[in-house]
Student: 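Starting off with a structure, shown below.
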Amino acid sequence: MNLTLKVWRQNGPQDKGHFDTHQLSDVTGDMSFLEMMDVLNDKIIREGGEPIAFDHDCREGICGMCSMFINGEAHGPGRGVTTCQLHMRSFKDGDTITIEPWRASAFPVVKDLTVDRSAFDRIIQAGGYVSVNTSGETLDANAIPVPKADADEAFNAATCIGCGACVATCKNASAMLFVSAKVSQFALLPQGQPERKRRVTRMVEQMDKEGFGNCTNTGACAVECPKGIDLTNIARMNRDFLNASVTGQ
Amino acid sequence: MSSSGILKSSLAKKYAMALTGLFLCLFLVGHLLGNLQLFIPGVEGQTAFNEYALFMTTFPLVKVLSYLTYASVLFHVVDGVVLTLQNRKARPARYAVEKGSANAGWSSRNMAVLGTIVLVFIVTHMQNFWWKMHFDKAMPTQTVNGVELKDLHTVVMNFFDPAINSMAAAAAGLYVLGMFALGFHLWHGFSSAFQSMGVRHETYTPWIERAGQAFAVLVPAAFASIPLYLFLTQA
């Protein structure tokens with residue numbers, strides 16, 4: 001199929017940026033979106049141009065590196081997929097595809113379609129962990145009984161790959177879905193209890209400090225999340241934060 | 001965490017939005033029940049409404065509630081403006097293509113605009129009725145059992161009577177428009193308030209959402225039916 005690609009080009013964080021338009025032919029439906037980008041970059045390089053910078057790593061939907069806002073949606077039109085899992089069969093011959101980076105002041109553009117998502121790392125550093133005794137006396141995790149429903153729910157939260165689609169999609173660039181998943185994965189398990197209040201307080205504090213927007217419960221994040229993280233996590237975090245604020249910590 | 005810390009937090013602002021919003025939902029119910037007396041015909045309706053208006057402006061407990069309501073409206077507005085400005089700042093560069101309708105409802109994406117329309121409605125509404133009831137020296141009166149009552153009933157009747165107010169049709173129309181904005185605002189706002197407070201449950205949340213949608217349709221519709229009825233029966 002033949003496609004018209006409008007791609008955001010930005011030479012560094014301070015650059016104003018602009019759209020470049022490319023014509024690409026012989027795209028097959030079996031290509032992933034990233035493979036299509038590889039073909040485009042190959043063409044640009046052969047024509048003596050500068051290839052488009054975009055993030056990618058595992059290319060199997062588990063690393064969370066690939067981003068891209070495609071035709072007005074994070075990771076493009078598919079549901080429950082990352083950009084590397086999006087196939088060109090989702091598009092038609094003659095389509096124009098607009099490709100933009102994640103846009104949020106907390107995710108500054110590094111170059112072209114690559115953004116700096118280290119704000120997420122700093123939120124994790126603020127409290128998204130469990131302090132474990134590593135003296136050799138550590139209790140075997142399997143020895144602590146956990147109700148099946150809680151274990152499943154904690155696992156669902158833990159499937160968040162930190163890609164940032166929730167922030168990119170949210171009209172307020174809010175990071176609530178990400179942060180609440182990272183709070184929930186510990187809040188639901190016995191190992192997470194000792195630091196539960198401190199964790200939620202610190203992570204929310206850091207989230208605010210990074211300049212993410214406020215949640216208005218539109219639910220767009222959960223729809224676009226490639227891992228199906230749902231709004232229950234946000235409600236749990238709202239509850240935990242309120243509890244931590246009222247009872248101290 | 002210090003108490004000043006929680007107030008600065010984004011979540012605290014959301015709790016405030018939710019609590020003031022839900023309190024204003026209660027106010028709507030109370031206000032609506034009072035307004036429905038405008039359907040009672042004749043002197044009987046006039047007396048009932050005016051006695052109710054007197055009660056609402058003088059009974060101490062109602063006074064406390066009314067100050068709470070003013071405070072809630074103000075806080076809801078200021079908090080909403082602060083949140084909206086922060087949200088704008090969080091995304092300074094807009095997307096060239098943004099498919100908002102692909103993943104979120106219309107009213108949830110337009111709460112600020114809808115809220116602004118409701119605020120304009122509230123200001124004009126208070127100017128037309130609340131201001132007259134409280135401060136207008138030329139207010140008509142009704143004498144019931146030797147007691148002189150402020151005749152708010154007649155003020156309302158005249159306001160929507162095209163023979164007396166040349167703008168009655170526009171007033172009724174704008175009232176209905178205001179109620180549409182309120183309805184869409186509540187369509188998202190009611191259940192959203194529960195989510196912000198962390199009230200979410202597999203079984204009960206669908207019921208909260210349904211209740212919110214019923215509230216969002218029925219309450220504004222009932223409000224809007226009154227000026228429409230008054231205008232059409234007097235036209």
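Scope of the values below: all heavy atoms of this structure, side chains included, with no hydrogens, waters or symmetry mates. Throughout, protein chains are lettered first and strands after them, A, B, ... in sequence-line order, and every chain is numbered starting at 1.
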Student: Identify the two heavy atoms, one from A:Ser105 and one from B:Pro92, that lie closest to each other, and give their separation to 0.1 Å.
Tutor: CB-CD, 3.7 Å
Student: Other residues, nucleotides and ligands only: do more than 12 of their heavy atoms fall within 6.0 Å of CZ on A:Phe155?
Tutor: no
Student: Checking heavy atoms, do the side chain of A:Cys221, its backbone, both or neither come under 4.5 Å from chain B?
Tutor: neither
Student: Quick check on A:Phe19 against chain B: is it the side chain, the backbone, both or neither that has a heavy atom closer than 4.5 Å?
Tutor: side chain
Student: Quick one: of A:Thr218, A:Thr232, A:Val223, who has the most non-hydrogen atom pairs under 4.5 Å with chain B?
Tutor: A:Thr218
Student: I need the residue from A:Lys171, A:Glu210, A:Met207, A:Arg202 with the largest number of non-hydrogen atom pairs under 4.5 Å to chain B.
Tutor: A:Lys171
Student: I need the minimum non-hydrogen distance between B:Ala104 and A:Ala220, along with the two atoms involved.
Tutor: CB-CB, 4.1 Å
Student: Kindly compute the distance separating CG (A:Asn214) from OG1 (B:Thr84), expressed to the nearest 0.5 Å.
Tutor: 8.5 Å
Student: Of all heavy-atom pairs between A:Ala168 and B:Arg91, which one has the smallest distance, and what is that distance?
Tutor: O-NH2, 3.0 Å
Student: Answer yes or no: are there more than 12 heavy-atom neighbours, outside B:Phe75 itself, under 6.0 Å from its atom CZ?
Tutor: no
Student: Quick one: sort the B:Tyr15 and A:Phe241 rings into parallel, tilted or perpendicular, breaks at 30° and 60°.
Tutor: tilted
Student: Hey, could you give me the CE/CG distance between B:Met111 and A:Asn217, rounded to the nearest 0.5 Å?
Tutor: 9.5 Å
Student: Answer yes or no: are there more than 12 heavy-atom neighbours, outside A:Arg239 itself, under 6.0 Å from its atom CZ?
Tutor: yes
Student: Measure A:Phe69 against the heavy atoms of chain B and call it side chain, backbone, both or neither at under 4.5 Å.
Tutor: side chain
Student: Evaluate whether atom OH of A:Tyr129 has more than 12 neighbouring non-hydrogen atoms of other residues, nucleotides or ligands under 6.0 angstrom away.
Tutor: yes
Student: Which bit of A:Thr216 comes within less than 4.5 Å of chain B, counting heavy atoms only: side chain, backbone, both or neither?
Tutor: both
Student: When rounded to the nearest 0.5 angstrom, what distance separates NZ in B:Lys99 from CD1 in A:Ile70?
Tutor: 10.5 Å
Student: Does anything in residues 187-214 of chain B reach chain A? List residues with heavy atoms under 4.5 Å apart, or say none.
Tutor: B:His188, B:Ser192, B:Gln195, B:Ser196, B:Met197, B:Gly198, B:Arg200
Student: For B:Lys63, does the NZ atom sit with more than 12 other heavy atoms under 6.0 Å from it, leaving out its own atoms?
Tutor: yes
Student: Could you measure the distance from the NZ atom of B:Lys14 to the SG atom of A:Cys215? Nearest 0.5 Å is fine.
Tutor: 6.5 Å
Student: Nearest 0.5 Å, please: how far is OH in B:Tyr95 from CH2 in A:Trp102?
Tutor: 7.0 Å
Student: What part of A:Arg236 gets within 4.5 angstrom of chain B, counting heavy atoms only: side chain, backbone, both, or neither?
Tutor: neither
Student: Evaluate whether atom OH of B:Tyr67 has more than 12 neighbouring non-hydrogen atoms of other residues, nucleotides or ligands under 6.0 angstrom away.
Tutor: no
Student: Non-hydrogen atoms of chain B under 4.5 Å away: do they reach the side chain of A:Pro101, the backbone, both or neither?
Tutor: backbone
Student: Between A:Val204, A:Leu231, A:Thr169, which residue shows the highest count of heavy-atom pairs closer than 4.5 Å to chain B?
Tutor: A:Leu231
Student: About how many Å separate OG of A:Ser174 and CG of B:Asn87, when rounded to the nearest 0.5 Å?
Tutor: 7.5 Å
Student: Which atom names give the shortest non-hydrogen contact between B:Ser9 and A:Asp208, and what distance separates them?
Tutor: CA-OD2, 3.5 Å
Student: To check you understand the geometry: which heavy-atom pair defines the closest contact between A:Glu100 and B:Ala96, and what is its length?
Tutor: OE1-N, 2.7 Å
Student: Could you check whether atom CH2 of B:Trp131 has more than 12 heavy atoms from other residues, nucleotides or ligands sitting under 6.0 Å from it?
Tutor: no
Student: With a 4.5 Å limit on heavy-atom distance, are the side chains of A:Leu242 and B:Leu11 in contact?
Tutor: no
